[in-house]
Amino acid sequence: MSKNITSEIKFVVELDENRVPEKLTWTAQDGGVELEEAKAMLLSIWDSKAKETLRIDLWTKDMPVDEMKIFFHQTLVAMADTFERATQDEKMASTMRDFTDYFAEKLELKG
């Protein structure tokens with residue numbers, strides 16, 4: 001019988017007196033990450049019993065709006081790539097990429 005291997009990813013959120021995130025750090029020892037600072041995070045978890053997505057969306061109060069726009073654009077692009085790898089649905093992934101191009105154009109992220 002083989003031994004199960006586990007890996008841990010840890011997020012630490014420092015809050016101000018109003019419970020607004022001031023600092024986000026994360027650790028993933030298997031990936032060589034130790035208390036790396038971040039300004040924003042989006043985490044989605046699939047609850048197969050309820051057939052719904054659970055989410056944690058956090059950003060620090062000093063996250064610049066222009067960087068948040070870039071963060072969202074890059075996240076949408078990554079979601080299209082992940083969707084294609086997970087489903088092999090090239091047509092819908094392409095449609096999603098069309099939207100990410102439109103999103104970037106409207107936010108003037110691409111030249």
Side-chain angles (χ1 to χ4, degrees):
M1 185 160 91
S2 66
K3 180 180 176 183
N4 287 339
I5 299 171
T6 62
S7 182
E8 180 178 88
I9 300 171
K10 180 179 178 182
F11 299 96
V12 177
V13 183
E14 293 182 26
L15 306 171
D16 69 9
E17 63 279 354
N18 297 313
R19 301 190 57 80
V20 175
E22 282 193 315
K23 186 176 180 182
L24 298 171
T25 56
W26 67 289
T27 299
Q29 290 182 340
D30 286 355
V33 177
E34 184 72 33
L35 293 173
E36 188 71 32
E37 194 165 336
K39 295 291 183 191
M41 65 172 275
L42 304 173
L43 176 65
S44 298
I45 300 169
W46 180 247
D47 180 339
S48 62
K49 292 177 192 165
K51 301 285 189 247
E52 65 183 17
T53 302
L54 308 174
R55 296 183 13 231
I56 299 172
D57 303 332
L58 297 173
W59 56 94
T60 60
K61 55 185 165 184
D62 66 340
M63 173 70 168
V65 172
D66 60 330
E67 288 184 22
M68 182 62 91
K69 291 176 180 180
I70 295 167
F71 175 58
F72 264 83
H73 177 257
Q74 290 178 1
T75 299
L76 292 169
V77 170
M79 287 175 65
D81 294 343
T82 301
F83 179 82
E84 184 173 7
R85 281 194 319 272
T87 65
Q88 304 303 307
D89 188 336
E90 294 175 18
K91 185 175 180 182
M92 185 52 70
S94 177
T95 300
M96 291 171 72
R97 288 186 189 98
D98 289 343
F99 173 74
T100 64
D101 290 343
Y102 173 80
F103 185 90
E105 178 185 322
K106 291 299 177 185
L107 291 178
E108 299 178 350
L109 299 179
K110 290 184 177 180

- Item | Sequence neighbours excluded - side-chain hydrogen bond (donor to acceptor under 3.5 Å, both in side chains) pairs with any residue from residues 17-28 | Glu22-Lys61
- Ile56 reachable from Trp59 in the ILVMFWY side-chain graph, under 4.5 Å edges: no
- Hphob cluster co-occupancy, Leu15 + Leu58, side-chain heavy atoms under 4.5 angstrom: yes
- Item | Residue list, side-chain hydrogen bond (donor to acceptor under 3.5 Å, both in side chains) with Thr60, at least two apart or on another chain | Asp62
- Note on the structure: Residues at least two apart in sequence or cross-chain that pass side-chain hydrogen bond (donor to acceptor under 3.5 Å, both in side chains) with Asp98, listed by chain then number, are none
- Message: Does Met92 have more than 12 heavy atoms from other residues, nucleotides or ligands lying within 6.0 Å of its CE?
- Response: no
- Could you check if a side-chain atom of Ile70 sits within less than 4.5 angstrom of a side-chain atom of Leu109, using non-hydrogen atoms only? yes
Could you list the donor-acceptor pairs under 3.5 angstrom formed by side chains in residues 74-83, with sequence neighbours left out?
| from | atom 1 | to | atom 2 | distance (Å) |
| --- | --- | --- | --- | --- |
| Thr75 | OG1 | Phe71 | O | 2.8 |
| Asp81 | OD1 | Arg97 | NE | 3.2 |
| Asp81 | OD1 | Arg97 | NH2 | 2.8 |
| Thr82 | OG1 | Ala78 | O | 2.9 |

- Task: Could you tell me whether a side-chain N or O of Glu108 sits under 3.5 Å from a main-chain N or O of Glu105, the two making a donor and an acceptor?
- Result: no
- Query: Is a side-chain N or O of His73 found less than 3.5 angstrom from the main chain of Thr100, in a donor-acceptor match?
  - Reply: yes
How far does [atom1] of [X] sit from [atom2] of [Y], to the nearest 0.5 angstrom?
X      : Y      : atom1 : atom2 : answer
Tyr102 : Leu107 : OH    : CG    : 10.0 Å
Glu36  : Leu24  : CD    : CG    : 12.0 Å
Met68  : Lys39  : CE    : NZ    : 11.5 Å

For residues 1-12, which side-chain donor-acceptor pairs fall under 3.5 Å, sequence neighbours excluded?
| from | atom 1 | to | atom 2 | distance (Å) |
| --- | --- | --- | --- | --- |
| Ser7 | OG | Asp30 | OD2 | 2.7 |

Going by atom type alone, with no hydrogens or angles, which donor-acceptor pairs under 3.5 Å involve a side-chain atom of residues 41-52 and a protein atom two or more places apart or on another chain?
| from | atom 1 | to | atom 2 | distance (Å) |
| --- | --- | --- | --- | --- |
| Asp47 | OD1 | Lys49 | N | 3.1 |
| Asp47 | OD1 | Ala50 | N | 3.1 |
| Lys51 | NZ | Ser48 | O | 3.0 |

